[in-house]
Amino acid sequence: MRRVRARWSIGERRSTLAAAVAAAGGALAFAVVAPPYVSADEAAHVDYALQLWHGGLPVFEDGLRLQLDQGHVPPVQWTAQHPPLFYALLAPVVGPLVDGDRPTTAAFAARGVTMVLAFLTVLAAAWAARWLLPSAYRAALWAVPVVVAGGTWLLRLGGAVYNDVLLILEVTLLIGLVGYRLRTDALARWWRPAWALLLAAAALTRASGLSLALLCVAVVSLDIALRRPRDVRAWCGDLFAPVAVAVAASWWFYARNVRLTGSITGGHPGWAVEHLGRQHRALEQVLTSSTFWETSLQQYASAPAVRDDANLLLFLVPAALGAALLVTGVLRRPGETALADRLCVLLLAGAVGGILLQQALYHTTGGGANGRYLAVLALPFAVLLVAAVGPWGARPLRVAWVVGLWFVARAVELGLDVEATRARYAPAGAPGLPTWLGWCGYGLFVVAGLTSVVVGARGACEASPSGRGGLEDRVEVQRAL
């Protein structure tokens, strides 16, 4: 039996909750300093929810029904190709407010929904990481939600109206479910319904969710093939039935995309080339473009003054180190958990590589290069960053110092980013919330984040006497639930 995870301690739970509050605070800062509908994308997303509230789905060529006196309105409904799940969540919030001639309030209310999703994403990441990282990282698991909460795009998207945040939450849970399955032989009763529900939800949120859902399905298939190839119940109950549920729930929308646009994704690359100045590029040209890589991998820094250097130090260098340490450590690891460790690493590598390739292919058809499209990898990226403290995984105090310094640097960069965003849009004079509320959100991010670091480190030290000893996983997996 591969039962390898101990119960969450009170300290870990409190640390995770503080990290989630930090994410909500950072999202609030962006929600306040950026005026409503400052992006044409935001107007299109709100309009989609409005049209759904009125009982229909939008059509690209029909444009928006949302009437605005401020902000930017796209000439076409360029979010019409997205599945409707996110907008079904927004519709009861947005619809009545817009119908009551309060579109600005509707935008802020919708941003409140995405803030809640960002909060939940941090909680989900804390749970999922417990199943992904090898047991040697037990003393550093509390750091994963701290790092997730510090992600640039989780905060920016959590303070705007975009469907990306819902997909980040779903993918985080999906990856966690796969990790849970890989590390236990006795699945809880809730696993199969949750697995089927999340596969369907990902497919009904964004087309990019399909590729990550298929990756998760592939890893589960590989696990069954390697461990129980003749187990018909596993093939049917863990694989075929959940996939059938997901297909039954979402096929109609992708069939609609094909009917309206000729492609399953529903994109309009020809229109983008003609009206947005986009260009088709060869895949080789994209993959060798430094601009593509620099823009796509901009995940932990966005303040113009320090963006490239900060992202290098806060993300690229530690992520590369973490990936090297994680892979080499797993390959050398003996014992019955080695297969689960390797499949978890394969899952993370497949997610990162797959989304990067998907983004490159999208760029070849005229799509923009944007770090936002890699935000769905919030959990894999955080796991790689935490893996960088692998050499000190059993020394909680050292982990605390490293993560604490990382968070302080990230908080400084975030403050610069929030101020740059405020200064950028202040001359517009658009009606919005008072600026002091945004800085209160930033202050909440700093205080809650540092609290998460202190509480998490203290809990790890209490579980490991003198802060130096390793931790043994003694409790069965069911107690982790």
Side-chain angles (χ1 to χ4, degrees), residues 1-10 12-13 16-17 20 85-86 88-89 116-117 119-133 135 138 141 144-145 148 165-205 209-210 212-224 227-228 231-250 337 340 343-344 347-348 351 378-380 383 473-481:
M1 290 285 185
R2 295 177 294 176
R3 302 184 175 190
V4 296
R5 288 296 180 267
R7 183 197 301 230
W8 277 17
S9 68
I10 294 178
E12 287 175 319
R13 294 178 184 180
T16 296
L17 181 60
L85 181 58
F86 172 72
L89 295 178
V116 172
L117 294 176
F119 177 92
L120 295 175
T121 297
V122 176
L123 301 182
W127 174 81
R130 301 173 65 80
W131 308 107
L132 294 175
L133 281 165
S135 57
R138 179 74 173 85
L141 282 175
V144 172
V148 171
V165 186
L166 179 59
L167 184 63
I168 296 171
L169 173 60
E170 292 162 350
V171 168
T172 297
L173 289 171
L174 265 178
I175 293 176
L177 283 177
V178 175
Y180 169 81
R181 193 198 185 286
L182 295 176
R183 295 193 184 279
T184 182
D185 292 318
L187 293 175
R189 293 181 179 178
W190 54 261
W191 188 86
R192 290 187 180 92
W195 173 235
L197 179 64
L198 283 168
L199 287 175
L204 284 169
T205 301
L210 289 174
L212 289 168
L214 289 174
L215 170 66
C216 291
V217 167
V219 174
V220 170
S221 302
L222 183 59
D223 181 55
I224 297 174
R227 294 174 52 222
R228 292 182 288 178
D231 190 338
V232 176
R233 184 177 180 181
W235 283 109
C236 293
D238 298 354
L239 194 65
F240 299 141
V243 170
V245 169
V247 171
S250 61
T337 62
L343 288 177
C344 284
L347 175 62
L348 295 173
L379 175 63
V383 167
D473 295 312
R474 301 185 180 94
V475 185
E476 292 185 349
V477 69
Q478 283 79 3
R479 296 185 183 178
L481 308 179

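How far CG of L141 is from OG1 of T16: 9.5 Å, rounded to the nearest 0.5 Å. Of the inter-residue distances, the one linking L85 atom CG with T205 atom OG1 reads 4.5 Å to the nearest 0.5 angstrom. Here the straight-line distance linking atom CG of L199 with atom SG of C216 works out to 7.5 Å at 0.5 Å rounding. With rounding to the nearest 0.5 Å, the separation of CG in L210 from CG in L204 is 9.0 Å. Separation of atoms CD1 (I175) and CG (L348) is listed at 6.5 Å; rounding is to 0.5 Å.
Between L197 and V245, the closest side-chain pair of non-hydrogen atoms is not below 4.5 Å. Two residues are said to be in side-chain contact when any heavy atoms from C-beta on lie closer than 4.5 Å; W191 and L177 meet this criterion. At least one side-chain heavy atom of L132 sits less than 4.5 Å from a side-chain heavy atom of L347. By the 4.5 Å heavy-atom criterion applied to side chains, V148 and T172 are not counted as neighbours. Here the side chains of I168 and L117 are not in contact, with every heavy-atom distance at 4.5 Å or above. Between F119 and L17 the shortest side-chain heavy-atom distance falls below 4.5 Å.
The shortest heavy-atom contact between I224 and A234 is CD1-O, 3.6 Å. Closest approach of V165 and T121 over heavy atoms only: O-OG1, 4.2 Å. In terms of heavy atoms, G176 sits closest to A128 at CA-CB, 3.5 Å. The heavy-atom pair separating G209 from L167 by the smallest distance is CA-CD1, 3.8 Å. Contact record, A124 with L173: CB-CD2, 3.5 Å, taken as the closest heavy-atom pair. R183 and A340 make their closest contact through NH1-CB, 3.9 Å (heavy atoms, listed as atom of the first residue, atom of the second, distance).
Side chain of W235 to backbone of F240: no donor-acceptor contact under 3.5 angstrom is found. Between the W195 side chain and the D238 main chain, a donor and an acceptor come within less than 3.5 Å of each other. Between the Y180 side chain and the A188 main chain, a donor and an acceptor come within less than 3.5 Å of each other.
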